[in-house]
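Everything on this sheet refers to the single structure shown next.
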2 protein chains.
Amino acid sequence: MQHQKLATIEDVAAIAGVSIATVSRAINEPTKVADETRRRVTEAIAQTGYTTNAMARSLRMRRSNMILILAPDVGDPNFSNILVGLETEASKRSYGVLIGNTQNDPAREADYLRFISSNRADGLILFTGHLPYGYGNDAGESRLPPMVAVNEPVSNSDVPFVGVDNFEGSRIAAEHLISQGHRRIAFIGRSTSKAVNILREKGYRAALEGHGITIDPRLISDGDGTTESGRAATEHMFVRDVLPTAFLCVNDVTALGVIIALTARRYELPRQFSVMGFDDITFASFVSPSLTTMKQPRLKIGEEAMDLLLALLEGKSVARKQVLLRSELIVRNSVGQVSRS
Amino acid sequence: MQHQKLATIEDVAAIAGVSIATVSRAINEPTKVADETRRRVTEAIAQTGYTTNAMARSLRMRRSNMILILAPDVGDPNFSNILVGLETEASKRSYGVLIGNTQNDPAREADYLRFISSNRADGLILFTGHLPYGYGNDAGESRLPPMVAVNEPVSNSDVPFVGVDNFEGSRIAAEHLISQGHRRIAFIGRSTSKAVNILREKGYRAALEGHGITIDPRLISDGDGTTESGRAATEHMFVRDVLPTAFLCVNDVTALGVIIALTARRYELPRQFSVMGFDDITFASFVSPSLTTMKQPRLKIGEEAMDLLLALLEGKSVARKQVLLRSELIVRNSVGQVSRS
DNA sequence: ATGTTTGATGTAAAGGTTTACACAGCTGGA
DNA sequence: TCCAGCTGTGTAAACCTTTACATCAAACAT
């Protein structure tokens, strides 16, 4: 009962009174078949409810029309909206989208690579910030398929990247704080390994230096981008008693941790301290105080990335190997004029 | 350069000095081939880096080992964690997971159904709360594949459902408010169409009735589960001047709207009003006041749903067509003792 | 009238598996 | 000695397309 034998191209051909080659052409290259014949075929298709078997087609054409999305964490607040963009563009061009949630587990990444080598996916979108593990160690030197990185560039490689201009965005964010009179500005979320963090720190430095503000290294704090890291970094500054008037955070999630720490110490925001995030994730507008931040055009990022990947896939030589979009300053209530101290 | 001709089963067979049938058996039914032969085949596979071509296999076996997930909105805060569960279980059983973001657009749903009829997916996970549009209107009466609903049951159908016991959970939530001395309890988010809302309202009613509290219909407010609906409903109650001491909301997103409305009116929570949510979405612990709510075991829901679907797919007769998991009361700071008024 | 081009269609191969069936050799029982 | 059953392997069909090549008729040019 499971399989009631779907109609094949042969059934259609029989009904229309033509050969299967003609049916195939009527579907894929309509101009190459006579009007009258095409009409008969179309009718036969409607009559049988025929759909072309994607497996047979993929087998023959050596192409699955599927894209694999490799993400370390599907729960990442940046993920879902980029995914919508990716999916929208893919489906518009009749590609399907496969999800691989790797949790940064090398075994799982290697596992998912087999979707490529077994022809189940033609291309790869990388959220991971690194090339998949397990690449090229099987004999046969498995070639990597066309790829595009998103969210985080792939460190030392020439994998095309689509994302926000993190340096520029962070510079704008810092400028905003400076424009509110802040001079002692902390940067929360320094990292030596994550490209995004590095760029955002550079933007911060550029802005301060551009305004002749000397950077106090004690105001730069390591962090891995989690809420807890933001909270801990803030606490640490209080313990050491080296305090800024404003916190520029590597992302919104970190900023949330900073807000939690400050609120716990009963400070009033933004009167006593200003906090700035980056990303504009969903809850940024719901926190109290609502978060001033830089908005990533996530939908657009997804669309552009998929567009680039499909271009690569279709063999078009692609001019730009890097698409940097602008982030937008969203002013809410977590940043204020510097308080006279 | 794209395709350097991958090794096929034939190459392996040649190297191992056996027929392709034997190679296939060595891979899929190892016990059926002699130890020595199997060793040679394994070696040949390693040597060539052979991976079986999934398209050819699927074509032959009439099975893609792919599951299609149909979701109206990938950004739904309940979605991502359930997805992780679904994906984890699927990948454990070596199924792949395809994402279909439909935005409730009938055309897109119908479009995705073609993944089924073209054999690109064997089964369906429904987040949508309804059967996909475009089912069965093509001639040939396209049979629906094995399906499991998640997040929201599929109204009037016998599609198996995996989720939380909404009635019971809501009853527990209401009981909690009652235990804090509340008698005038509002229910925000009534709906006549959404099964989840209906069940949660029933749980609310059951709890109140069980404690001999007569229900004031003016305290039951329609809502579609958005933040804005929660805000508007609350405002409306102030305008009519019919006020509860506690708000039981159909979900956390709605509760957030209620909190926003109350905070805007400068009420102090939970001293003056109590607010209770449902779902325990990520930001529930970050709102101020942090939200008391019922936690959905989302990971588990995903895993159970996929497990059920795969069982269905493999033809096992499944005992339970409905898996109801318990939700857990999470006490935070948005609910307090009723204030003497 | 002959040769050439064009357009529409058909024939058959190829794509890479799985698996029913056949076969060969061997074991063990009668 | 013969037969039955078992084990391990091979042959070939089937799964459903796409497409190179062949064919044929009609149109056109010479």
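So that the names make sense, note that chain A is the first sequence line, chain B the second, and so on, each numbered from 1. Values in this document were obtained by computation on a predicted structure and should not be read as measured data.
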Phosphate oxygens OP1/OP2 of [N]: is one of them under 4.0 Å from a side-chain N or O of [X]?
X	N	value
A:Arg60	C:dA14	no
B:Thr52	C:dG16	no
B:Ser58	C:dT17	no

So does [X] pair up with [Y], basic N to acidic O under 4.0 Å?
X	Y	value
A:Glu303	A:Lys300	no
B:Arg108	B:Asp111	no
B:Glu89	B:Lys92	yes

### Message
For A:Asn53 and B:Asp35, find the nucleotide of DNA chain D closest to each by heavy atoms; which residue's nucleotide sits nearer the 5' end?
### Response
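Result of the comparison: B:Asp35.
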Practice prompt. Check every strand shown and say whether B:Thr51 touches a base, only sugar-phosphate, or nothing at a heavy-atom separation below 4.0 Å.
Written response: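 It contacts sugar-phosphate atoms only.
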Any idea which heavy atoms bring [X] and [Y] closest together, and the distance?
X	Y	result
B:Glu87	A:Asn101	OE2-N, 3.0 Å
A:Pro132	A:Leu144	CG-CD2, 4.3 Å
B:Val164	B:Phe161	O-CE2, 4.4 Å

When the distance from [atom1] of [X] to [atom2] of [N] is rounded to whole Å, what number comes out?
X	N	atom1	atom2	result
B:Met55	D:dT18	CE	P	14 Å
B:Glu36	D:dT7	CD	C1'	16 Å
A:Arg62	C:dA13	CZ	P	18 Å
B:Lys32	D:dT9	NZ	P	13 Å
A:Glu10	D:dT18	CD	P	13 Å
A:Met61	D:dT19	CE	C1'	10 Å
B:Ile27	C:dT17	CD1	P	8 Å
B:Ile9	C:dG16	CD1	C1'	8 Å

Item to complete: Return the nearest nucleotide to the side chain of B:Arg57; candidates are D:dC16, D:dT17, C:dT17.
Response: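 Comparing D:dC16, D:dT17, C:dT17 against the side chain of B:Arg57, the answer is C:dT17.
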Does anything in residues 11-26 of chain B come within less than 4.0 Å of DNA chain D? Heavy atoms only, and list the residues if so.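 Only B:Val18, B:Ser19, B:Ala21, B:Thr22, B:Arg25 qualify.
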Option passing side-chain contact (heavy atoms from CB on, under 4.5 Å) with B:Leu86 (candidates B:Ile82, B:Thr88, B:Val84):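 The single option meeting the side-chain contact (heavy atoms from CB on, under 4.5 Å) with B:Leu86 is B:Ile82.
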